[in-house]
Number of protein chains: 2
Amino acid sequence: MSMSHGCRMGDVATTVQQDRPPTPGQEAGEEPCWPALSEAPLRRADAETLAGVLRAIADPARLQLISLIQAARGGEACVCDLVAPLGLSQPTVSHHLKVLLDAGLVTRSRRGSWAYYRLVPERLAALAQLLA
Amino acid sequence: MSMSHGCRMGDVATTVQQDRPPTPGQEAGEEPCWPALSEAPLRRADAETLAGVLRAIADPARLQLISLIQAARGGEACVCDLVAPLGLSQPTVSHHLKVLLDAGLVTRSRRGSWAYYRLVPERLAALAQLLA
DNA sequence: AGTCAGTATCGACAGATGTCGATGTCTCAC
DNA sequence: GTGAGACATCGACATCTGTCGATACTGACT
């Protein structure tokens with residue numbers, strides 16, 4: 001009870017994380033859905049969850065990362081392609097990507113020694129719908 | 001030049017602020033518009049601007065404030081109505097409201113000794129469109 | 001005038017966050 | 001196996017941020 005909106009929340013920091021390369025068909029099967037901002041008294045716990053995801057994109061470096069990944073060939077980019085445009089150190093870029101990954105906004109797939117990051121558009125769309 | 005998107009940015013922290021009560025017809029005349037996230041290489045300055053607005057809503061207390069204001073009678077609420085539901089001190093609530101105000105997400109109008117806050121839906125909508 | 005209620009600002013503090021260099025881990029090529 | 005390259009993690013640091021109590025401000029009502 002008390003969850004009037006018909007979608008499960010949670011898993012802000014414990015999402016996708018598909019590190020296993022042999023399971024590529026797993027996709028983002030969970031519909032990304034949060035309680036709409038307009039649903040009257042937003043409970044504190046829900047607000048924390050939403051804020052967690054929003055905080056992930058409320059950073060200039062991470063916004064640039066999202067922009068760069070989306071504009072990249074095939075909609076994916078490896079870390080090595082992102083370090084130079086951002087003008088930040090490789091560890092810092094890796095850190096930001098992890099934040100986006102934990103928020104479920106990007107997925108990671110390793111090919112060889114490269115790690116390719118890809119957006120999860122449903123997640124972004126859900127966020128957008130939330131504000132509208 | 002270099003601003004390919006046809007809308008002006010800036011004024012993240014120096015917006016609306018319509019404190020003058022005798023000018024009520026002034027509304028949010030400025031169309032709230034930012035460079036879409038999909039417009040290829042997001043420049044650092046633009047990313048900072050966007051992050052500034054996003055950071056304003058990336059906080060549980062402020063999300064609850066937005067929710068409460070929207071749900072309030074007449075679409076507006078005074079500080080006294082917001083302190084109790086949030087479970088935070090009055091100065092803290094005032095602080096959060098100022099953050100939202102500086103981001104242009106709410107407006108303030110004083111009537112008597114009360115300060116009524118009201119959402120700027122266009123601003124929220126612009127933010128939503130940005131992610132979609 | 002004086003008082004009081006509603007808000008805003010100030011100063012201080014603890015905790016979170018962005019950043020880096022150093023180091024660890026993994027994969028491929030030789 | 002050795003080495004090199006790509007990436008992640010760790011530890012440390014400076015800065016930002018949320019929170020509060022104390023205080024100042026503002027308008028209304030005696």
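Lettering of chains follows the sequences in order, A, B, ..., and the numbering in each one begins at 1.
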For residues 72-93 of chain A, which side-chain donor-acceptor pairs fall under 3.5 Å, sequence neighbours excluded?
unit_1 : atom_1 : unit_2 : atom_2 : d
A:E76  : OE1    : A:R118 : NH2    : 3.0
A:E76  : OE2    : A:R111 : NH2    : 2.6
A:S89  : OG     : A:T92  : N      : 3.3
A:S89  : OG     : A:T92  : OG1    : 2.9

Which pairs would a plain distance check flag for residues 55-62 of chain B, meaning a side-chain donor or acceptor within less than 3.5 Å of a matching protein atom at least two apart in sequence or in another chain?
unit_1 : atom_1 : unit_2 : atom_2 : d
B:D59  : OD1    : B:A61  : N      : 2.9
B:D59  : OD1    : B:R62  : N      : 3.2
B:R62  : NE     : B:A56  : O      : 2.5
B:R62  : NH1    : B:H96  : ND1    : 3.0
B:R62  : NH2    : B:R55  : O      : 3.2

Using whole Å, report how far CG of B:D59 lies from C1' of D:dT19. 11 Å
Any chance you could pull the hydrophobic cluster mates of B:V99, using side-chain heavy atoms under 4.5 angstrom and chaining through other members? none
Strand-adjacent residues in residues 76-86 of chain B, judged by heavy atoms under 4.0 Å from DNA chain D: none
Which whole-number value in Å describes the distance from B:R111 CZ to D:dT26 C1'? 17 Å
Spell out, as yes or no, whether a donor-acceptor pair under 3.5 Å connects the side chain of A:R123 to the backbone of A:V53. no
Quick one: on DNA chain C, does A:Q90 or A:R62 contact a more 5' nucleotide (nearest heavy atom)? A:R62
In the 5' to 3' direction, the nucleotides of DNA chain C bounding the stretch that comes under 4.0 Å of a heavy atom in chain A are C:dT17 to C:dC28
Does a side-chain N or O of A:R55 approach OP1 or OP2 of D:dT17 to a distance below 4.0 Å, or not? no
Rounded to whole Å, how long is the line connecting atom CZ of A:R110 with atom P of D:dC7? 8 Å
Please determine whether a side-chain nitrogen or oxygen atom of B:H96 lies at a distance below 4.0 Å from atom OP1 or OP2 of D:dT19. yes
Under a 3.5 Å cut-off on both pairing distances, which runs of 3 or more consecutive Watson-Crick or G-U pairs involve DNA chain D? C:1-30 with D:1-30
